[in-house]
Amino acid sequence: MSGMAFVLISTAVVAATCLVSAAILLIAERYLANYGQCTIDINQGAKKLDVQGGKPLLATLMQQQVFIPSACGGRGTCAYCKVTITDGAPPIAPTELTLLTAEELKKCIRISCQVKVRNDLAIQIPEELFLVKQYTGVVERIRDLTHDIKELRIRLVEPAAIEFTPGQYVQLEAPAYGDNPEPVYRAYSISSPPDDTGHVELIIRLVPGGICTTWVFTMLKEGDEVRLNGPYSEFCLTEGDAEMVWIAGGSGMAPFWSMARHMREHGIRRPCTYFFGAVKERDLFFLDEFRALEKEMPSFRFLPALSGAENDSWAGERGLITQVVDRHVAAGANAEGYLCGSSGMIDASIKVLKAKGIPEDRIFYDKFT
Ligand SMILES: Cc1cc2nc3c(=O)[nH]c(=O)nc-3n(C[C@H](O)[C@H](O)[C@H](O)COP(=O)(O)OP(=O)(O)OC[C@H]3O[C@@H](n4cnc5c(N)ncnc54)[C@H](O)[C@@H]3O)c2cc1C
Ligand code: FES
């Protein structure tokens with residue numbers, strides 16, 4: 001055998017041995033590892049949980065009715081599920097490194113869906129997360145708002161009432177179906193006003209091939225029982241009376257429909273311009289409702305705009321929503337920006353608002369993707 005052939009064969013043998021060992025380790029981890037009972041101490045003894053080890057921290061806490069925000073359902077992409085682990089933390093997983101800053105790592109902040117519970121842990125979470133609850137409800141009404149957006153009205157059953165501030169979201173549970181062996185949770189902003197404590201309304205846009213939205217659009221029926229947990233998020237109206245610029249597209253309407261109705265019902269008359277972007281006329285909704293609101297609240301202005309083809313009867317604003325904002329917003333050092341929708345739309349809107357003089361710390365948003 002030549003020297004070269006010997007090197008090639010040796011390399012192949014070593015690589016194959018490594019692969020087999022890695023596979024054995026994975027199988028052992030999956031089927032044989034038993035981490036037994038573990039204790040999770042939350043906020044220095046405020047709550048102590050006895051749990052079965054072996055599952056991700058996020059899922060383990062959820063099983064114990066401790067709910068941590070999550071937007072990607074535990075897939076390690078959204079970075080919403082951060083917790084501080086003060087004792088017992090395992091080594092950092094590579095997926096966490098892309099989601100945490102050096103500062104966060106120094107403070108022992110971790111991505112809870114990527115941390116497996118293997119031993120006793122001590123963790124720190126914001127106190128308000130103890131107020132997050134799981135709700136069961138019944139779908140009272142499903143209606144089409146556009147060709148790909150539906151509104152769900154859910155009557156809460158247990159508990160029968162929810163407290164939240166306009167702008168917050170809940171996580172809706174889509175049960176296991178078809179090729180999805182486990183329930184998944186997805187974030188949806190509450191579109192109903194907080195005074196309607198017995199209901200939660202959601203505005204949901206179909207994502208083709210999406211697990212939760214396919215279930216909502218093709219399987220969920222009026223009268224069905226649903227489960228959700230929440231509320232989450234710090235996206236809400238500030239206390240002051242600063243002028244507001246709202247920007248949304250598609251189902252990004254949801255938190256603003258809650259905020260607008262809350263403002264009407266509570267006599268909040270801050271100056272506000274709401275820019276709502278859509279592609280075609282068929283993507284617009286709630287036009288009559290917002291026209292009525294404008295009449296009741298003279299300091300409130302609704303500016304829907306279309307970015308798509310011009311061979312239609314639309315006589316309103318045209319262009320990308322950022323261009324419309326640029327045309328209508330005057331210099332705004334004292335104003336506040338509120339944005340909801342895709343991350344592309346939000347990043348572009350932040351640039352425009354900053355160029356208008358709105359300081360970055362006065363621009364609030366919830367990114368949907
Ligand atoms: C704080 C927050 C609030 C939200 N509020 C709302 C709301 O009020 N209404 C609403 O309709 N959605 C909202 N979303 C988005 C929602 O949580 C889901 O991500 C979305 O409905 C898709 O879920 P799915 O299970 O159907 O798709 P998945 O199975 O999660 O995704 C399927 C595929 O589509 C991609 N994808 C996921 N979401 C989107 C998207 N929005 N647009 C394009 N591609 C996507 C994924 O990358 C994946 O490739 C919100 C998200 C966050 C983080
Ligand atoms: S739930 Fe999204 S990163 Fe953990």
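For ligands, and for the atoms within them, numbers begin at 1 and follow the listed sequence. It should be emphasised that the depicted structure is a prediction, and the values quoted were computed from it without experimental measurement.
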Counting only heavy atoms on the protein side, is anything nearer than 4.0 Å to [atom]?
atom                    : answer
atom 51 (C) of ligand 1 : yes
atom 48 (C) of ligand 1 : no
atom 23 (O) of ligand 1 : yes

Query raised in the report: Mind checking whether W215 has a heavy atom under 4.0 Å from ligand 1?
Result: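 No; W215 lies far enough from ligand 1 that no heavy-atom distance drops under 4.0 Å.
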
For [X] and [Y], indicate whether the former's side chain and the latter's backbone hold a donor-acceptor pair under 3.5 Å.
X    : Y    : value
R110 : P90  : yes
S299 : R269 : yes
R75  : A71  : no
S112 : C81  : yes
R270 : A242 : yes
Q134 : N229 : no

Requested in this report: With K133 as the cation and F67 as the aromatic partner, state whether NZ or CZ is under 6.0 Å from the six-membered ring centre and within 45° of the axis.
Outcome: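 No, a cation-pi geometry is absent between K133 and F67.
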
Would you say [X] has any N or O atom under 3.5 Å from an N or O of ligand 1, going by distance alone?
X    : value
A254 : no
D366 : no
R205 : yes
S189 : yes
Y188 : yes
A71  : no
I204 : no
V207 : no
Y169 : no

Query raised in the report: Passes salt bridge (charged side-chain N to carboxylate O under 4.0 Å, His left out), D224 versus K221? Steps please.
Result: CA-CA 6 Å; D224 283 356; K221 301 180 304 299; 3.6 Å; yes

Query raised in the report: How does I203 reach ligand 1, by side chain, by backbone, by both or by neither, if only non-hydrogen atoms under 4.0 Å count?
Result: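 The answer is the backbone of I203.
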
Query raised in the report: Which part of K150 is near ligand 1, with near meaning a heavy atom under 4.0 Å away: side chain, backbone, both or neither?
Result: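 Near ligand 1, K150 shows nothing, with every heavy atom at 4.0 Å or more.
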
Is any side-chain N of the basic residue among [X] and [Y] closer than 4.0 Å to the acidic one's carboxylate O?
X    : Y    : value
K354 : E360 : yes
D326 : K356 : yes
D312 : R318 : yes
K367 : D347 : yes
E173 : R186 : no
R291 : E294 : yes

Atom indices of ligand 2, in the order listed, that fall short of 4.0 Å to a heavy atom of [X]:
X   : value
G76 : 3 (S)
G74 : 1 (S)
C78 : 1 (S), 2 (Fe), 3 (S)
T77 : 3 (S)
C72 : 1 (S), 2 (Fe), 3 (S)

Requested in this report: Using distance alone, with no hydrogens and no angle criterion, decide if T238 and E336 have a side-chain donor and acceptor under 3.5 Å apart.
Outcome: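 The answer is yes; a qualifying pair exists.
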
Query - E234 atom CD: more than 12 heavy-atom contacts under 6.0 Å - result: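 No, the 6.0 Å shell around CD holds no more than 12 heavy atoms from other groups.
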
**Report entry** Whether C81 has an N, O or S atom under 2.8 Å from atom 2 (Fe) of ligand 2
**Finding:**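 It does not; every qualifying atom lies at 2.8 Å or beyond.
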
Requested in this report: Taking both backbone and side-chain atoms into account, decide whether C113 has an N/O/S atom under 2.8 Å from atom 2 (Fe) of ligand 2.
Outcome: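 Of the N, O and S atoms in C113, none lies under 2.8 Å from atom 2 (Fe) of ligand 2, which means no.
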
Report task. Could you tell me whether S112 approaches ligand 2 through its side chain, its backbone, both or neither, with non-hydrogen atoms closer than 4.0 Å? Result ->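 Neither; no heavy atom under 4.0 Å.
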
Query raised in the report: If you count the atoms of ligand 1 from 1 in the order shown, which ones are under 4.0 Å from a heavy atom of R75?
Result: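 Checking each atom against R75, I get 30 (O).
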
Requested in this report: Counting heavy atoms only, name the option from Y232, W257, F368 that's nearest to atom 3 (C) of ligand 1.
Outcome: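 Considering heavy atoms of Y232, W257, F368, the nearest to atom 3 (C) of ligand 1 sits in F368.
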
Query - For atom 31 (O) of ligand 1, the option (of S251, S191, A187, G210) bearing the nearest heavy atom - result: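 Nearest option to atom 31 (O) of ligand 1, by heavy atoms: G210.
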
Name the closest protein heavy atom to [atom], giving the residue it belongs to and the distance to 0.1 Å.
atom                    : value
atom 29 (O) of ligand 1 : I211 N, 2.9 Å
atom 38 (N) of ligand 1 : T369 CG2, 3.9 Å
atom 26 (O) of ligand 1 : T213 OG1, 2.7 Å
atom 3 (S) of ligand 2  : A79 N, 3.3 Å

Query - Contact check, side chains of Y338 and V245, non-hydrogen atoms, under 4.5 Å - result: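 Answer no - side chains too far apart.
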
